[in-house]
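Only this structure's heavy atoms are used, side chains among them; waters, hydrogens and symmetry mates stay out.
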There are 2 protein chains.
Amino acid sequence: MNQALICPRFEKAMSLMSQRWTGLVIYQLLSGPKRFCTLETSMGISGRVLSERLKDLEQQGIVLREVFPETPVRIEYSLTEKGAALEPIMKEIEKWSQGWLPAEIE
Amino acid sequence: MNQALICPRFEKAMSLMSQRWTGLVIYQLLSGPKRFCTLETSMGISGRVLSERLKDLEQQGIVLREVFPETPVRIEYSLTEKGAALEPIMKEIEKWSQGWLPAEIE
DNA sequence: ATTAGTTAGTTACTTTATGTAAGTAATTAT
DNA sequence: ATAATTACTTACATAAAGTAACTAACTAAT
């Protein structure tokens with residue numbers, strides 16, 4: 001009865017991208033490793049959700065968490081190879097947004 | 001204080017893609033116009049949210065709603081040019097999912 | 001020794017988003 | 001008159017996200 005079955009891998013990828021904040025976190029990490037507080041303030045996400053997302057992305061092998069025992073402790077989040085492979089998606093979103101969304105009024 | 005300002009157009013596009021179901025709705029419409037009940041059953045979205053999403057996408061000029069006064073009434077949703085321009089994003093998501101997500105076990 | 005400051009979170013609570021299931025309106029078939 | 005179909009909407013329940021205060025580990029200053 002289900003005429004258009006969706007590929008489960010595609011569906012999974014889409015549900016990843018469809019989670020609020022996930023795309024932006026990945027986008028931010030494309031320009032290099034970032035720490036928790038940097039992500040928090042630069043994208044306006046709440047610490048509660050950021051913490052949740054980073055754990056999730058780490059578990060999925062998309063993000064790597066590294067602890068540097070400096071003072072105060074520095075923890076850096078970066079993209080794994082799997083995570084960096086998401087870049088073409090981001091580039092296409094960027095292209096579309098530039099081609100089809102209105103620029104801001106100055 | 002905000003070292004990595006995000007382009008507002010990109011942010012808007014990302015927030016569109018980050019809404020639950022929006023990406024899948026667009027993906028389904030890439031293969032041609034679809035009616036409400038088809039979308040509803042093929043992707044397992046609730047009517048309440050599907051209705052909300054379609055209205056939203058219509059307002060943003062991504063989806064076109066057409067009424068065919070047959071019996072019973074047929075209403076078709078399709079992508080506008082702006083909506084169809086999202087295809088490259090979907091293709092990249094598809095590529096990534098095939099390259100990095102495990103295939104199902106048969 | 002006590003107080004304050006920093007980072008990376010967590011916790012309890014509130015608000016918003018989504019799911020569920022029943023209902024409505026228009027139309028035709030029986 | 002009753003049932004069936006499509007395209008929704010409505011009321012209510014559950015899940016996800018936002019807010020703000022708190023904790024833990026450490027150092028620096030008073």
*Taking NZ, NE, NH1 and NH2 as the nitrogens, is one of them in B/Glu92 or B/Lys95 under 4.0 Å from a carboxylate oxygen of the other?*
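Looking at B/Glu92 and B/Lys95, the cut-off is met.
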*asked:* If you only use heavy atoms from C-beta on, which nucleotide in C/dG19, D/dC8, D/dT6 is closest to the side chain of B/Phe36?
replied: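 It is D/dC8.
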*Just how large is the angle between the end axes of the helix from C/dA1-D/dT30 to C/dT30-D/dA1, five pairs per end, to 10 degrees?*
20°
Check the distance between [N]'s [atom2] and [X]'s [atom1] and give it to me in whole angstrom.
{"X": "A/Gln19", "N": "D/dG18", "atom1": "CD", "atom2": "P", "answer": "12 Å"}
{"X": "B/Leu39", "N": "D/dT6", "atom1": "CG", "atom2": "C1'", "answer": "13 Å"}
{"X": "A/Glu76", "N": "C/dG9", "atom1": "CD", "atom2": "P", "answer": "12 Å"}
{"X": "A/Lys34", "N": "C/dT7", "atom1": "NZ", "atom2": "P", "answer": "16 Å"}
{"X": "B/Ile45", "N": "D/dC8", "atom1": "CD1", "atom2": "P", "answer": "13 Å"}
{"X": "A/Glu40", "N": "D/dA21", "atom1": "CD", "atom2": "P", "answer": "14 Å"}

*If only side-chain N and O atoms of A/Trp21 are considered, is one of them under 4.0 Å from the OP1 or OP2 phosphate oxygen of D/dA16?*
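Answer no for this pair, as no side-chain N or O of A/Trp21 is under 4.0 Å from OP1 or OP2.
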_Would you say A/Tyr77 places a side-chain N or O within less than 4.0 Å of OP1 or OP2 belonging to C/dG9?_
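A/Tyr77 to C/dG9 OP1/OP2: side-chain N or O found under 4.0 Å.
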*Any residue meeting salt bridge (charged side-chain N to carboxylate O under 4.0 Å, His left out) with B/Glu94, in chain and number order, not counting sequence neighbours*: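 Partners of B/Glu94 by the salt bridge (charged side-chain N to carboxylate O under 4.0 Å, His left out) criterion, ordered by chain and then number, come out as B/Lys91.
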*With B/Arg74 via salt bridge (charged side-chain N to carboxylate O under 4.0 Å, His left out) - residues at least two apart*: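 Partners of B/Arg74 under the salt bridge (charged side-chain N to carboxylate O under 4.0 Å, His left out) test: B/Glu70, B/Glu76.
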*Under the ring pair (Phe, Tyr, Trp, His ring centres under 6.0 Å) test, residues paired with B/Tyr77 that sit two or more places apart*: none
_Test side chain to side chain contact (heavy atoms under 4.5 Å, CB included) applied to B/Ser15 - qualifying residues, sequence neighbours left out_ = none
*With sequence neighbours excluded, what pairs up with B/Gln19 under the side chain to side chain contact (heavy atoms under 4.5 Å, CB included) test?*
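B/Thr22, B/Arg53, B/Asp56.
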Shortest non-hydrogen contact from [X] to [Y]?
{"X": "B/Val63", "Y": "B/Leu29", "answer": "CG2-CD1, 3.7 Å"}
{"X": "B/Val67", "Y": "B/Pro69", "answer": "O-CD, 3.7 Å"}
{"X": "B/Pro88", "Y": "B/Ala85", "answer": "CD-O, 3.2 Å"}

*Any side-chain heavy atom of B/Leu57 sitting closer than 4.5 Å to one from B/Leu79?*
no
_Any heavy-atom pair between the side chains of B/Ile26 and B/Met90 that's under 4.5 Å?_
yes
*Using the ring pair (Phe, Tyr, Trp, His ring centres under 6.0 Å) rule, collect all pairs that involve residues 6-36 of chain B, keeping only residues at least two apart or in two chains.*
A/Phe10-B/Tyr27, A/Tyr27-B/Phe10
Heavy atoms within less than 4.0 Å of DNA chain D: which residues of [range] have one? Give them sorted by number.
{"range": "residues 47-61 of chain B", "answer": "B/Gly47, B/Arg48, B/Ser51, B/Lys55"}
{"range": "residues 8-16 of chain B", "answer": "none"}
{"range": "residues 64-75 of chain B", "answer": "B/Arg65, B/Pro72, B/Val73, B/Arg74, B/Ile75"}

*Which residue pairs satisfy the salt bridge (charged side-chain N to carboxylate O under 4.0 Å, His left out) criterion with at least one member in residues 35-50 of chain B, sequence neighbours excluded?*
B/Arg48-B/Glu52
*Qualifying salt bridge (charged side-chain N to carboxylate O under 4.0 Å, His left out) pairs, either residue in residues 10-29 of chain A, two or more places apart*: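 Those involving residues 10-29 of chain A do not exist here.
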